**Student:** 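Could you have a look at this structure, given as structure tokens, before my questions?
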Amino acid sequence: MAIQLYSAFYSFAMGAIPFVIMAEIFPINMKGLAGPLLLIVNALCSLITTYTFLFAMDWSSAGVFLIFCGFCGGGLLFVEKLVPETKCRTLEEIQESMVHF
């Protein structure tokens, strides 16, 4: 049941967010290359998570969810610190703010 809930919430949140960020940040000439690469990385991360879940549950059920919680917290920090705000901004303004990275 827990892995089904994870899959459902992943589809609505972390499964879609990278594609939204890619569409907002990358210029048109990079989207053709970044899209398939993002899809491959996203699918591999989902595959690794799903594949290792049952093995890790045998180790420690509480430990598995703490590890997943840590990854979610790391993702939240990444978005908070490194992903620029795109609301009411042009692509040029967004890329100008990313020059500092």
Side-chain angles (χ1 to χ4, degrees):
M1 179 71 174
I3 195 69
Q4 292 169 336
L5 285 173
Y6 165 76
S7 295
F9 285 112
Y10 179 84
S11 297
F12 288 114
M14 292 303 292
I17 288 175
F19 296 100
V20 173
I21 292 173
M22 182 200 70
E24 295 267 336
I25 292 178
F26 289 134
I28 292 174
N29 62 340
M30 292 298 295
K31 287 180 185 179
L33 179 63
L37 182 63
L38 178 64
L39 181 64
I40 290 169
V41 170
N42 196 352
L44 283 174
C45 289
S46 181
L47 176 74
I48 290 168
T49 302
T50 305
Y51 183 74
T52 60
F53 179 78
L54 290 177
F55 297 117
M57 282 295 286
D58 289 337
W59 166 68
S60 168
S61 59
V64 171
F65 288 104
L66 286 175
I67 291 170
F68 285 171
C69 183
F71 279 115
C72 290
L76 180 65
L77 287 175
F78 171 79
V79 169
E80 181 69 31
K81 299 295 181 184
L82 296 178
V83 176
E85 176 62 50
T86 60
K87 186 176 181 180
C88 298
R89 295 175 68 189
T90 66
L91 181 61
E92 291 79 19
E93 291 172 338
I94 295 167
Q95 290 186 343
E96 180 64 34
S97 69
M98 292 177 61
V99 169
H100 305 295
F101 300 119

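Values below: every heavy atom of this structure, side chains too, minus hydrogens, waters and symmetry copies. Predicted model only: the values in this text are computed from it and were never measured.
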**Student:** Supply the atom-to-atom distance Leu33 CG to Leu38 CG, rounded to the nearest 0.5 angstrom.
**Tutor:** 11.0 Å
**Student:** Work out which heavy atom in Pro18 is nearest to a heavy atom in Asn42; give both atom names and the distance.
**Tutor:** CG-ND2, 4.3 Å
**Student:** Is the shortest heavy-atom distance from the side chain of Leu54 to the side chain of Asp58 under 4.5 Å?
**Tutor:** no
**Student:** Considering non-hydrogen atoms only, spot the tightest contact between Pro36 and Lys31 and give its length.
**Tutor:** CD-O, 4.3 Å
**Student:** Residues two or more places apart in sequence or in another chain: which of them pass side chain to side chain contact (heavy atoms under 4.5 Å, CB included) with Thr52?
**Tutor:** Ile48
**Student:** Provide the closest heavy-atom pair for Val64 versus Met57 in the form atom of the first, atom of the second, distance.
**Tutor:** CG2-N, 3.7 Å
**Student:** Can you run down the ring-ring contact (aromatic ring centres under 6.0 Å, His included) pairs that involve residues 16-44, sequence neighbours left out, and say none if there aren't any?
**Tutor:** none
**Student:** With a 6.0 Å cut-off (strictly less than), is the heavy-atom count around CZ of Phe53, excluding the residue itself, greater than 12?
**Tutor:** yes
**Student:** For the CZ atom of Phe65 and the OG atom of Ser60, what is their distance to the nearest 0.5 Å?
**Tutor:** 10.0 Å
**Student:** Can Phe71 be reached from Val41 by stepping across I, L, V, M, F, W or Y side chains whose heavy atoms are under 4.5 Å apart?
**Tutor:** no
